Amino acid sequence: MIPFRIHSGRVALLDRANVDTDQIVPKQFLKRIERTGFGAFLFHDWRYLPDGEPNPSFSLNHPRYRGASILVTGKNFGCGSSREHAPWALVDFGFRAIIAPSFADIFANNCLKNGLLPVVLGDTQVAKLGARARENEDYEVTVNLEECTVTDSQGFSSVFAIEEFQRQCLLDGLDDIGLTLHLEAEIAAYEIKRPAWIR
Amino acid sequence: MPSTLFEKLWNAHVVHEQAGQPSLLYIDLHLLHEVTSPQAFAGLRAAARGVRRPNLTFATADHNVPTTNRALPIADPIAAIQIETLAQNCREFNIQLFDFNSAEQGIVHVIGPELGLTQPGMTVVCGDSHTSTHGHGAFGALAFGIGTTEVEHVLATQCVPQNKPRTMLIQTKGHLPEGVSAKDLALGIIGQIGTDGATGHVIEYAGEAVCSLSMEGRMTLCNMSIEAGARAGMVAPDDQTFHYLQGRPFAPSGAERDAALAYWQTFKTDPGAAFDQVVEIDAATLEPFVTWGTSPGMVVPISGNVPDPRAGRTAAERGSTERALEYMALAPHTSIENISIDRVFIGSCTNARLEDLRAAARVVNGYRISRSVKAMVVPGSQNVKRAAEAEGIDQVFREAGFEWREPGCSMCLGMKPDILKAGERCASTSNRNFEGRQGRGGRTHLVSPMMAAAAAISGHFTDVRKWEFKE
């Protein structure tokens, strides 16, 4: 996993609540057996018109958001299907962090496994970042996981909370399967105690 | 100290705990399907890791399988590669696969309980958000959906690190009225608490209305937990649960069953145990529900109307209602019964078990579907399909003009070719009415199997409580 420490980048605003993973990667792209290349399908049915041309009214197609690496969006982002294709697509597209008032559980978990940082801020702070992204060309923020802060050059500064273990895994880019494998003796001891009929 | 069912399940599976870290949970049953597993196996290979417990791991192909004639080759080459990849991975890692030609094939959440794989007191995971179905929760199991990296984690270690969720009790009062099903109870709950009402929580469903549901009804209820944002949903096991499990291929038998029964009976919430949240639902006042928007929380009773965005409490709510109505092409204040439909889909891990098909067939019996409607039934598994055919249910549907298909996820997630065309409106027994879920531009209304059947015949939504059954 790519470590996440401090990242500064352009902000894109997707001003919608309850964006589900079916919108992030529509199901017609779930037949692939690789983890890579999903960026092309990110928000496909919103990003492209039925004839395949980019949809000019979809915010991520706006020229000012080109090259954005931080997404600011509404509450309950990533609800619905558990497809990890959603964070794969966001990462492949170039996003490193998503800032929202809340995230769906499985989605947030999946992000953390892929070096994509879900940042929970209050409604007012998210609205403020959204307004600045809308009003300023080239609006950038810095997400600092060492200090758990989001800041910009206009004086915005906010602290966010994240589980310490997850923070460490992201800072170090740790593979947590490796960590679990170190607990082999405990797993084996547990297995001996399991009920006979499910062994 | 008195504990909840969830706490008992959790404590029984903690392998390792350390302050400031997620707990490491042991997984008793790991179910795989073709869409979310290939990248996990690729990860194992890349790291030269094996599958720790192939005998606790089972796979089936459901999401991408065609629901038409199985004797023909799979028309979509990319889907065919994915299904073949699952078969290769299962062969290589020695995992039992209920392949798409097998007599046990079906939707992963239908076959788990059906084969007796899902049992009380177990932890069950699957790379699929509807794992809560298994109602695996319905058996008093802790069952939750995971992402592909976690699938890889469970394959390699049979464990998964998890932060302990909070608990929510949904306490029902009274019994569901005639014509109001488990699906309506689920939709009613989501309508009340919202699609993120249970985020971070595990729900336990309790009370008269839940206890009196059949096992299949409980599965439907637990299945929809994810649509309220919950990590899992569960019902304490009881005599009905134990009876259901008797004689199932993977359930314990003989002396082992006696030991299992004693163990299973310990999985219930102690009197006085505390939950982080308690929600009360008056089941006796519920009606059949129909969703009008693009999220399962956008739901009203059949006697209701499409809402007016101006009635929204916040600007965000008004905006999302407006957007949903635009997508759904519905005008505010339209009576739900006046909404005409083009398609009907009876199927999915929510509502494709024998009881669902029986309930729908009872409504359909003696009628023909509306001339303007195309309708299909997709049984949840080969076992369900055979049992339904033995009862003549397939004939009831066929004679009424429904298509009778092979088992799979089909139009629930609209993998080709079972999709809606742009602008088509569908009464669907599935679980998600997201934009484009059943096909780009398609409009989905979630309903119970009986309500879907009645809509197929009437050509519009209709209150199944007033239905004239032709027995």
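All values derive from a computational prediction rather than experimental measurement. Residue numbers begin at 1 in each chain, while the letters A, B, ... track the order of the sequences.
- A heavy-atom distance below 4.5 Å is found between the side chains of A:Asn109 and B:Gln162.
- Checked by atom type and distance alone, the side chain of B:Glu150 never pairs as donor or acceptor with a backbone atom of A:Ile106 at under 3.5 Å.
- For chain B, the option among A:His85, A:His44, A:Arg35 with the highest count of heavy-atom pairs below 4.5 Å is A:Arg35.
- Contact annotation for B:Ile146: only backbone heavy atoms (N, CA, C, O) come within less than 4.5 Å of a heavy atom of chain A.
- Between A:Arg16 and B:Arg323, the shortest heavy-atom distance links the atoms NH1-NH2, 2.8 Å.
- If you measure heavy-atom distances from B:Ala79 to chain A, the contacts under 4.5 Å come from both the backbone and the side chain.
- Residue B:Ala259 touches chain A through both its backbone and its side chain, counting heavy-atom pairs closer than 4.5 Å.
- At least one donor-acceptor pair under 3.5 Å links the side chain of A:Glu84 to the backbone N or O of B:Thr149.
- When the candidates B:His13, B:Gln18, B:Glu256, B:Arg49 are compared by the number of heavy-atom contacts under 4.5 Å with chain A, B:Arg49 comes out ahead.
- Between A:Tyr190 and B:His16, the closest side-chain pair of non-hydrogen atoms is not below 4.5 Å.
- Using a 4.5 Å heavy-atom threshold, the side chains of A:Asp22 and B:Glu435 count as separate.
- Of the possible polar contacts, one joining the A:Lys27 side chain to the B:Arg437 backbone as a donor-acceptor pair under 3.5 Å is found.
- Salt bridge absent: A:Lys31 and B:Glu34 never bring a charged side-chain N and a carboxylate O closer than 4.0 Å.
- Only the side chain of B:Asn64 comes within contact range of chain A, judged by heavy atoms closer than 4.5 Å.
- Only the side chain of A:Pro195 comes within contact range of chain B, with heavy atoms under 4.5 Å apart.
- Between A:Tyr48 atom OH and B:Arg440 atom CZ the span is 10.5 Å, to the nearest 0.5 Å.
- In terms of heavy-atom pairs under 4.5 Å with chain B, the best-connected choice from A:Pro50, A:Ala104, A:Cys79 is A:Pro50.
- Residue-environment remark: NZ (B:Lys421) stays at or below the threshold of 12 foreign heavy atoms within 6.0 Å.
- With rounding to the nearest 0.5 Å, the separation of OG in A:Ser81 from CZ in B:Arg432 is 5.5 Å.
- Annotation: maximal heavy-atom pairing with chain A below 4.5 Å, among B:Thr148, B:Val160, B:Leu56, B:Leu24, occurs at B:Thr148.
- No other option in A:Asn76, A:Thr21, A:Asn110 has as many heavy-atom pairs under 4.5 Å with chain B as A:Asn76.
- Atoms NZ and OG1, from A:Lys75 and B:Thr199 in turn, are 8.5 Å apart once rounded to the nearest 0.5 Å.
- At a 4.5 Å heavy-atom cutoff, the contact between B:Ala260 and chain A is made by backbone and side-chain atoms alike.
- Interface remark: of the candidates B:Asn431, B:Leu413, B:Thr36, B:Leu413 forms the most heavy-atom pairs closer than 4.5 Å to chain A.
- With a threshold of 4.5 angstrom between heavy atoms, B:His63 does not approach chain A through any atom at all.
- Using a 4.5 Å cut-off between heavy atoms, A:Asn114 contacts chain B through its side chain alone, with no backbone atom that close.
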Can you check side-chain contact (heavy atoms from CB on, under 4.5 Å) on B:Arg257 and A:Trp197, steps first, answer last? CA-CA 8 Å; B:Arg257 181 170 161 95; A:Trp197 63 90; over 6 Å; no
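- Contact residues of residues 151-189 of chain A toward chain B are A:Glu163, A:Phe165, A:Gln166, A:Asp175, A:Asp176, A:Ile177, A:Gly178, A:Thr180, A:Leu181, A:Leu183, A:Glu184, A:Glu186, A:Ile187, A:Ala188 (heavy-atom distance under 4.5 Å).
- Between B:Ile226 atom CD1 and A:Ser82 atom OG the span is 8.0 Å, to the nearest 0.5 Å.
- When each of B:Asn163, B:Val151, B:Ile81 is scored by its heavy-atom pairs under 4.5 Å with chain A, the top score falls to B:Asn163.
- Taking CD1 from A:Ile198 and CZ from B:Phe250, the interatomic distance works out to 14.5 Å, rounded to the nearest 0.5 Å.
- Heavy-atom distances place both the backbone and the side chain of B:Glu152 under 4.5 Å from chain A.
- Within the model, atoms OG of A:Ser102 and CG of B:Asp196 stand 5.5 Å from one another, a figure rounded to the nearest 0.5 Å.
- Within the 4.5 Å cutoff, the side chain of A:Arg83 has no heavy atoms near those of the B:Asp128 side chain.
- With a 4.5 angstrom heavy-atom cutoff, B:Val14 touches chain A only via backbone atoms.
- With a threshold of 4.5 angstrom between heavy atoms, B:Ile78 approaches chain A through its backbone and through its side chain.
- A donor-acceptor pair under 3.5 Å is absent between the side-chain atoms of B:Gln82 and the main chain of A:Ile33, judged by distance alone.
- Chain B forms the most heavy-atom pairs under 4.5 Å with one residue out of A:Phe107, A:Trp88, A:Phe103, and that residue is A:Trp88.
- For A:Ala196, the parts lying under 4.5 angstrom from a heavy atom of chain B are both the backbone and the side chain.
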